[in-house]
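Structure record follows, encoded as structure tokens.
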Number of protein chains: 2
Amino acid sequence: MNLTSVAPLMTERYRSTPELVAEVVREAILRGLLKGGEQLRQDEVAAQLGVSRIPVREGLRQLEAEGLVKFLPRRGVLVSSLSADEVQEIYEMRIPLECTALRLALPHVTDADVRRAEEILDAIDRETDLGRWGHLNDEFHAGLYVLANRPRLLALIKNLRANVGRYLRIYISLLHHKPRSQEEHRMILDAVRRHDVPAALAALERHLDVACRGLVTYLSQERDARTERSGLARSR
Amino acid sequence: MNLTSVAPLMTERYRSTPELVAEVVREAILRGLLKGGEQLRQDEVAAQLGVSRIPVREGLRQLEAEGLVKFLPRRGVLVSSLSADEVQEIYEMRIPLECTALRLALPHVTDADVRRAEEILDAIDRETDLGRWGHLNDEFHAGLYVLANRPRLLALIKNLRANVGRYLRIYISLLHHKPRSQEEHRMILDAVRRHDVPAALAALERHLDVACRGLVTYLSQERDARTERSGLARSR
DNA sequence: CGGCGGATACTCGTATACGATATGTAAATA
DNA sequence: TATTTACATATCGTATACGAGTATCCGCCG
């Protein structure tokens, strides 16, 4: 495990050390540097960030609450991994929540907001790096939702998005899904521009539903493949 | 601050000490033993539970993630308090989430489940203690939602309910709202018994909406009254 | 008499240290 | 040779300890 590539975050001043730990480890999980199921050794994280294990443990407790890691009694902290079912469940929450956010945001959307969103979509078209793609994707959605002026709703959506984020990135890259995703983004934005609430919500729901189905199918196949392999290995 | 009245929880064996701390403090906040804005002295909590501050801090970090307390840098932990706006926002999340849970639960509802729910409603009718009323109320709703078999959704709803729970209890007792709440519960349960999805969702949404409006009105008046008082005090 | 500055005492945040438990390895036995 | 048991090692969980920042109280000045 090597967190030095995300360590630049350290130079910024954070509210607190546990928050810094949470930020660094969260980013590492999102970028796929830390795989699901992997054990996090607290000493190692502490050493890499130049702090003791106490703030590390507190930061990890926050990530536990976010669902990104799991404390196993006396056996340390594991990076969570999501099954196809769990991904589906998260989307079942995201769809009504993100639709609520978009619905509440729509009355406040200005031309400048639409232009900013367009710029993000153009940037996504040009982007090749997966990590930055993920952030831009989040920015597009959050840029709309933030206009709803509902900080808790926004934070919750952000958290749910973070949970499926690492799988979404694999899926987008492996299935070359970017053009389709961008088409859907522009459908949403067109409806938003016209302040057409039903169309915008329908487009957003479709967008999320497509991603959900794709992800679930992909993860189910993944699991079947793994089961198959281990079955073969056992039967050798 | 005195947590001994909730300390009986200590006798049970918990997965971990931080979880025990979170449980005890959460319950104290919910019961109104700890008021919003109140500072939690870590030494004191630690002493009352017979542990050191490290597991206490970890437990409080979990409550922070749940939104029940807030870490202020170098100034310790405060019990959060919700404004009318924040309560409204939480209900704006609860309504779509709880409707989703109920919708997914409905196909799996059996006669036995309905009977169990009826028993809880009868118990609520007989209940006079506010703390137990809160738990029974949660049990009625959770008892239906759990049938959806969506653990994350259930946990999220539980957390949102916990956040408004303390205000709801005040509101219910002060405004003698129990009979109306029970009427609404029975409306929901009747629709559930008939497996009438639209009716059940509409009844649930009404139930939540009524509580939301009542709470928001109550909290706004509260705040106005406080502002008025402090204004008078200042003008003296 | 009220506002301000400094010293004291708290409380917080975290590094260190230690006991306890899980894991891996090697030896012993069936 | 496979399986089990005992031991060594590593990691965890938390108590203790200490430095640092913050609030409080008292004396001083206006």
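Treat the numbers as computed from the prediction; the structure is a model and nothing was measured. Below, chains carry the letters A, B, ... as their sequence lines are ordered, and counting in each starts from 1.
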Measure CZ/B/R61 against C1'/C/dT14 and give the value in whole Å, please. 12 Å
Just jot down the side chain to side chain contact (heavy atoms under 4.5 Å, CB included) partners of A/R53, sequence neighbours excluded, or say none. A/Q42, A/D43, A/A46
Under the side chain to side chain donor-acceptor pair (under 3.5 Å) criterion, do A/E127 and A/H135 qualify, and how do the steps go? CA-CA 11 Å; A/E127 188 60 64; A/H135 281 297; over 6 Å; no
Grab the CD-P distance between A/E44 and D/dT11 for me, whole Å please. 8 Å
Does the protein touch nucleotides 15-20 of chain D at the base, only the backbone, or not at all? Give it as B, S and - per nucleotide, heavy atoms under 4.0 Å. BB--BB
Between A/P73 and A/P18, which has a closest nucleotide on DNA chain C that is more 5'? A/P18
Between B/Q39 and C/dT11, does any side-chain N or O lie under 4.0 Å from OP1 or OP2? no
When you match A/R75 and A/E58 each to their closest nucleotide on DNA chain C, which lands nearer the 5' end? A/E58
Does A/N163 have any side-chain hydrogen bond (donor to acceptor under 3.5 Å, both in side chains) partners at least two apart in sequence or in another chain, and if so, which? none
Quick one: A/D43 CG to D/dG13 C1', roughly how many Å, whole number? 12 Å
Side-chain donor or acceptor of A/E58 paired with backbone N/O of B/R57 under 3.5 Å: no
What's the CD-P distance between A/E19 and C/dT14, to the nearest Å? 11 Å
Could I get a table of every N or O pair under 3.5 Å where one atom is in the protein and the other is in nucleotides 7-10 of chain C?
none

Check whether B/Q62 reaches the backbone of B/E19 with its side chain - one donor and one acceptor, N or O, closer than 3.5 Å. no
Listed by chain and number, what are the side-chain hydrogen bond (donor to acceptor under 3.5 Å, both in side chains) partners of B/S83, not counting sequence neighbours? B/E86
Spacing between A/F71 atom CZ and D/dT11 atom C1', to the nearest angstrom: 13 Å
Under the salt bridge (charged side-chain N to carboxylate O under 4.0 Å, His left out) rule, what pairs show up with a residue in residues 154-169 of chain A, not counting sequence neighbours? A/E98-A/R161, A/D138-A/R161
Nearest 0.5 angstrom please: A/D85 CG to A/S220 OG, how far? 7.5 Å
